[in-house]
> 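Submitted below is the structure of interest, expressed as structure tokens.
Chain letters run A, B, ... following the sequence lines, proteins first and then strands; every chain starts at 1.
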Amino acid sequence: MRPRPTRGSPGEWGRPSPGKPLRPPEAGASLLRFMKLWSQFFVPTLKESPADAEIASHKLLVRAGLVRKLGGGLYTYMPLGLRALQKITQICREEMDSAGAIELWMPHLHPVELWEQGPRWAAAREIMFRADSAGDGKRTSKDPEFVLGPTHEEIITPLVKTEITSYRDLPKNFYQIATKFRNEIRPRYGLMRAREFIMMDAYSFDTTDEGAVRSYLAMKAAYEKFFRRVGTQAIAVEADTGVMGGSFSHEFMVPAEVGDDDVIYNEASGYAANREKATSALVPADLADSAPAGAVEEFATPGAVTIAALEAAPFNVPADRQFKTLVYVGDGKPFLVILRGCDELEEAKLGSLGFTLFRPATPEEIVPVLGAKPGSLGATRGSLKEPGALAGVFADHAIRLIGNGVTGANKDGFHLRNVNVSRDLAITRFGDFRRVRVGEPDPKSGQPLQVRRGIEVGHIFKLGTKYSEKFNAVYTDDQKQSHLMVMGCYGIGISRTMQAVIEQSHDADGIVWPWNCAPFQVLICVLDPQLPEAMELARRLGAAAESTGADVLIDDRAERPGVKFKDADLIGLPLRLTIGGKGLKEGVIELKWRAGKDVVKVPVAEAEARVAAEVREAAARAG
RNA sequence: CGGGGUGUAGCUUAGCCUGGUAGAGCGCCUGGUUUGGGACCAGGAGGUCGCAGGUUCGAAUCCUGUCGCCCCGACCA
């Protein structure tokens with residue numbers, strides 16, 4: 001009589017039930033030092049997707065038992081998910097170390113004073129969680145107020161300032177791999193945008209600007225190696241520096257339909273930039289003003305307060321001949337932005353104007369300054385009542401394409417015609433403020449720009465001296481002179497990368513893990529675990545795979561084969577070995593790659609050597 | 001924060017419009033039959049219908065408030 005198979009479940013060994021035979025203690029247990037038995041591990045897979053998951057990677061994270069949600073943007077990394085995360089973390093650590101960065105660990109509870117002293121408190125405070133030990137928001141010497149760290153510039157800079165004072169100790173690059181906290185306005189898509197997430201953050205300190213560029217390029221190269229080893233194709237694109245500030249920056253994007261960023265690029269020329277930063281060669285550098293057709297002239301436009309209304313009869317002014325005048329408030333003072341009527345403002349580009357905070361002005365703020373409501377605004381010298389009340393008039397380069405255009409008269413119901421840029425507009429300075437459009441000429445080659453969505457998984461910034469100034473991080477050079485350290489900062493979203501990998505590498509049945517970040521590389525599916533010879537063979541094959549560098553999970557559950565195969569596809573380990581009673585009678589096991597279709601039968605006698613060889617090859621391929 | 005949606009068993013959900021004993025599938029427990037792609041039979045446990053008020057003889061259902069979650073926008077690794 002064959003004993004009824006027991007259900008593999010955690011606690012089985014500690015909870016024998018009468019009439020249910022226990023498996024004998026593991027023979028050859030020494031071989032199982034690293035190998036995991038599924039029945040004694042914990043992989044809670046789900047047949048159905050949770051209702052709150054929208055995108056494939058989020059559904060798969062939950063279905064494959066990698067994560068569980070605690071609340072919005074808060075996730076527990078389950079044992080299998082944690083292993084994948086650890087793989088990614090380790091690769092990151094290796095690449096950072098080999099690029100010369102030094103690992104440390106900083107507190108995540110930050111005294112708020114440090115942030116108040118830093119350069120971005122006003123802009124960053126909204127996204128920061130506050131931890132107040134008294135609970136009443138009042139700060140006393142006994143009850144300091146803390147914030148939870150969203151990144152660590154404000155911590156590392158004072159540290160380096162006190163610890164490093166000589167050029168002899170520079171350059172240095174410190175990094176940590178740790179939890180970050182951001183009170184995201186809208187957490188989304190599982191780990192993609194979470195309130196608490198795992199990030200690698202690095203900070204470089206150099207004596208000179210050229211040194212800072214070298215550090216930056218070293219990080220860029222390290223990032224490229226990291227993403228290649230993880231098995232994801234992330235591309236470096238030019239990016240806006242945002243709230244971090246700094247002089248230039250690249251984002252690493254994983255192309256994916258569900259990403260929240262637009263990457264503007266041209267395949268052939270290699271140009272690639274985040275939409276916020278992207279520019280085009282629309283305006284020739286040597287463009288001359290067109291000849292004014294006559295004096296500026298006011299005309300009545302009752303009720304016409306939109307670009308479209310002026311395009312229509314009876315006015316018939318094409319949008320690309322209209323000046324669009326927008327009013328913003330920067331650090332408390334209004335300023336104007338002028339664009340072509342047919343163009344859209346790319347708000348992030350206003351960051352280059354140097355305001356700490358800016359926002360669109362309200363109609364109530366506009367009327368007293370300009371004398372008219374939105375829809376009739378303009379920036380001609382003649383119509384600006386109080387130029388001194390403005391922080392500036394900033395014009396997009398593209399308006400130089402307009403000759404004899406139309407703009408608001410700063411008088412409700414009236415516009416001006418025959419307006420010419422140099423002759424008539426009170427422009428403080430020109431800049432790139434417009435949002436590029438697909439098809440416009442790429443700034444590198446003039447070929448048409450394309451667009452695709454991407455997930456931002458890494459970001460590198462050359463910061464300059466923005467933080468070292470605030471914290472007075474200086475060093476002494478060999479001439480006994482003091483100088484500010486030149487900084488860079490670098491981040492990789494580790495937990496986000498894990499999800500990006502899944503988003504990029506899955507099929508209808510489940511995840512298809514790349515070799516290097518798979519939680520285990522090899523799954524040994526034992527269809528008849530009650531047969532001692534089957535388990536014995538599983539252990540031998542597992543040992544062969546481990547000895548050549550793979551991590552091994554043995555599915556020894558007393559489940560039906562269908563269940564095991566479905567779970568195997570779902571959790572997506574790269575190499576599956578199947579050991580079944582039928583195969584054993586024929587003297588074969590089966591070998592199948594998750595990414596492929598072929599099932600290869602391998603004679604038992606050759607199986608260990610074959611598995612070792614396959615593992616060796618796969619590891620070499622993955623780098 | 002603005003707009004839209006949603007909350008019923010561990011998971012996926014029906015019921016709500018038109019008020020009257022809270023239903024199913026998956027999962028779980030017991031017994032049996034099965035055993036190479038999410039088995040079958042029989043039996044069973046599990047829900048104060050997010051929370052608080054209100055209307056009503058009676059509320060999962062109608063009303064008010066509140067909280068959570070999801071989606072669209074601004075922010076970010």
> Look only at the side chain of R83(A) and the backbone of P519(A), and say whether a donor-acceptor pair between them is shorter than 3.5 Å.
yes

> Have a look at E590(A) and say if it touches a base, only the backbone sugar-phosphate, or nothing, with a 4.0 Å heavy-atom cut-off.
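It contacts base atoms.
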
> Expressed as a whole number of Å, how far does the C1' atom of U8(B) sit from that of A59(B)?
14 Å

> What's the gap between U13(B) and G20(B) when it is taken at their C1' atoms, as a whole Å value?
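After rounding to an integer number of Å, I get 24 Å for this pair.
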
> Whole Å only: how far is the OH atom of Y75(A) from the C1' atom of C69(B)?
10 Å

> Among the candidates C72(B), A39(B), G38(B), find the nucleotide nearest to the side-chain atoms of R560(A).
A39(B)

> Write down the distance separating the C1' atoms in G43(B) and G50(B), rounded off to the nearest Å.
33 Å

> Counting only heavy atoms not in Q90(A), do more than 12 fall under 6.0 Å of its CD?
yes

> Quick one: label P50(A) by what it contacts on the DNA or RNA (base, sugar-phosphate, nothing), any heavy atom closer than 4.0 Å.
sugar-phosphate

> Could you tell me which residues satisfy side chain to side chain donor-acceptor pair (under 3.5 Å) with N516(A), sequence neighbours excluded, listed by chain and number?
none

> Would you measure the distance from the C1' atom in G73(B) across to the matching atom in C51(B) and give it in whole Å?
30 Å

> Need to verify one output field. Residue with the more 5' nearest nucleotide on RNA chain B, I198(A) or P561(A)?
P561(A)

> Please work out if V563(A) contacts a base, only the sugar-phosphate, or nothing of the nucleic acid, heavy-atom cut-off 4.0 Å.
base

> Return the value, rounded to whole Å, for the distance between atom CZ of R359(A) and atom P of G73(B).
24 Å

> Give the C-alpha distance, both sets of side-chain angles, the deciding distance and a yes or no for side chain to side chain donor-acceptor pair (under 3.5 Å) between Q86(A) and T89(A).
CA-CA 5 Å; Q86(A) 285 167 336; T89(A) 301; over 6 Å; no

> Count the heavy atoms belonging to other residues, nucleotides or ligands that lie under 6.0 Å from NZ of K592(A), then report whether that count exceeds 12.
yes

> Say you pick atom P in G32(B) and the same atom in G46(B); how far apart are they, in whole Å?
24 Å

> To the nearest angstrom, how far is I88(A) atom CD1 from A77(B) atom C1'?
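Rounded to the whole Å, the gap is 13 Å.
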
> Closest approach to the side chain of R496(A), judged atom by atom: which nucleotide of G38(B), C76(B), G37(B) is it?
C76(B)

> For E224(A), what residues pass the salt bridge (charged side-chain N to carboxylate O under 4.0 Å, His left out) criterion, not counting sequence neighbours?
K220(A)

> NA contact type, D569(A), heavy-atom cut-off 4.0 Å: base, sugar-phosphate, or nothing?
base

> Can you check the E184(A) CD to C1(B) C1' distance for me, whole Å?
14 Å

> Indicate whether the side chain of T151(A) and that of R120(A) have a donor and an acceptor atom separated by less than 3.5 Å.
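Present: a donor and an acceptor within the cut-off.
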
> Looking at the side chain of K69(A), which of C72(B), C69(B), A77(B) is the nearest nucleotide?
C69(B)

> For G47(B) and U6(B), measure between their P atoms and round to the nearest Å.
27 Å

> For S249(A) and H459(A), which I'm curious about, is there any donor-acceptor pair between the side chains at under 3.5 Å?
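Looking only at side-chain atoms, H459(A) and S249(A) do form a donor-acceptor pair, the distance falling under 3.5 Å.
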
> How would you label the contact of A568(A) with the nucleic acid (heavy atoms, under 4.0 Å): base, sugar-phosphate, or nothing?
nothing

> Can you measure H152(A) atom NE2 to A77(B) atom C1' for me and round it to whole angstrom units?
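Roughly 14 Å, once rounded to whole Å.
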
> Which nucleotide in the list A77(B), G38(B), A74(B) gets nearest to the side chain of D567(A)?
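Side chain of D567(A) sits closest to G38(B).
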
> Expressed in angstrom and rounded to an integer, what is the separation of Q176(A) atom CD from A77(B) atom P?
15 Å

> Side chain of R186(A), heavy atoms from C-beta onward: which of C76(B), C71(B), G37(B) has the nearest atom to it?
C71(B)

> Measure from CD1 on I492(A) to P on C76(B) and round the result to the nearest Å.
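Whole-Å distance recorded here is 19 Å.
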
> As a test of reading the structure: which of C69(B), C71(B), A77(B) is closest to the side chain of R188(A), going by heavy atoms?
C71(B)

> Side chains of Y77(A) and R68(A): donor-acceptor distance under 3.5 Å anywhere?
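Not at all, the side chains of Y77(A) and R68(A) share no donor-acceptor pair under 3.5 Å.
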
> Report yes or no: does D598(A) contribute a side-chain atom to a donor-acceptor pair with the main-chain N or O of V600(A) at less than 3.5 Å?
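No, D598(A) side chain to V600(A) backbone: no donor-acceptor pair under 3.5 Å.
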
> Please tabulate, one pair per line, each protein N/O and nucleotide N/O from nucleotides 13-16 of chain B that are separated by under 3.5 Å, including the distance.
none

> Sequence neighbours excluded, which residues qualify as side chain to side chain donor-acceptor pair (under 3.5 Å) partners of R130(A)?
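Once residues adjacent in sequence are excluded, the partners of R130(A) under the side chain to side chain donor-acceptor pair (under 3.5 Å) criterion are E145(A).
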
> Please work out if N183(A) contacts a base, only the sugar-phosphate, or nothing of the nucleic acid, heavy-atom cut-off 4.0 Å.
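Nothing: the residue N183(A), judged by heavy atoms under 4.0 Å, touches no strand.
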
> In terms of side-chain heavy atoms of E48(A), which of G36(B), G25(B), A77(B) is nearest?
G25(B)

> Take the angle between the ring planes of Y223(A) and F252(A) and call it parallel below 30°, perpendicular above 60°, tilted in between.
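Answer is tilted, since the angle falls between 30° and 60°.
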
> Hey, is F197(A) stacking on A77(B)? Ring centres under 5.5 Å, planes under 30°.
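F197(A) ring centre within cut-off of A77(B) base, planes near parallel; stacks.
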
> For G15(B) versus C71(B), give the span between their P atoms, rounded off to a whole number of Å.
23 Å

> Whole angstrom is fine here: how far is it from CG in L570(A) over to P in C11(B)?
18 Å

> Under the 3.5 Å rule, do the base of C11(B) and the side chain of R68(A) count as making a donor-acceptor pair?
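Not at all, since no donor on one side and acceptor on the other fall under 3.5 Å apart.
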
> Stem list for RNA chain B, please, built from Watson-Crick and G-U wobble pairs under 3.5 Å and keeping only runs of at least 3.
B:1-7 with B:67-73, B:10-13 with B:23-26, B:28-33 with B:39-44, B:50-54 with B:62-66

> Have a look at F394(A) and tell me which of Y328(A), F358(A), F335(A) forms a ring pair (Phe, Tyr, Trp, His ring centres under 6.0 Å) with it.
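Among the candidates, only F335(A) passes.
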
> OP1 or OP2 of C11(B) sitting under 4.0 Å from any side-chain N/O of K47(A)?
no

> Can a side-chain donor-acceptor contact be found between Q176(A) and D201(A) if the only test is distance below 3.5 angstrom?
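Side chains of D201(A) and Q176(A): pair found under 3.5 Å.
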
> Could you tell me whether the side chain of E559(A) has a donor or acceptor atom within less than 3.5 Å of a complementary atom in the base of G38(B)?
no

> At 4.0 Å (heavy atoms only), tell me whether M498(A) reaches a base, stays on the sugar-phosphate, or touches nothing.
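No contact.
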
> Quick one: is C72(B) close enough that its OP1 or OP2 comes under 4.0 Å of any side-chain N or O from Y189(A)?
yes

> Can you sort out which residues in residues 573-587 of chain A have a heavy atom within less than 4.0 Å of RNA chain B? Ascending by number, please.
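RNA chain B contact set from residues 573-587 of chain A: R576(A), G580(A), K582(A), G583(A).
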
> So, Q499(A) and H58(A): side-chain donor and acceptor under 3.5 Å apart, yes or no?
no

> Taking the C1' atom of each, how far is A24(B) from C63(B), in whole Å?
30 Å

> Would you say the base of G38(B) and the side-chain of R63(A) have a donor-acceptor pair closer than 3.5 Å?
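Yes.
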
> Assess, by modelled atom type and distance only, whether the side chains of S204(A) and Y216(A) contain a donor and an acceptor separated by less than 3.5 Å.
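There is no such pair between these side chains.
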
> Of A194(A) and K592(A), whose nearest nucleotide on RNA chain B comes first from the 5' end?
K592(A)

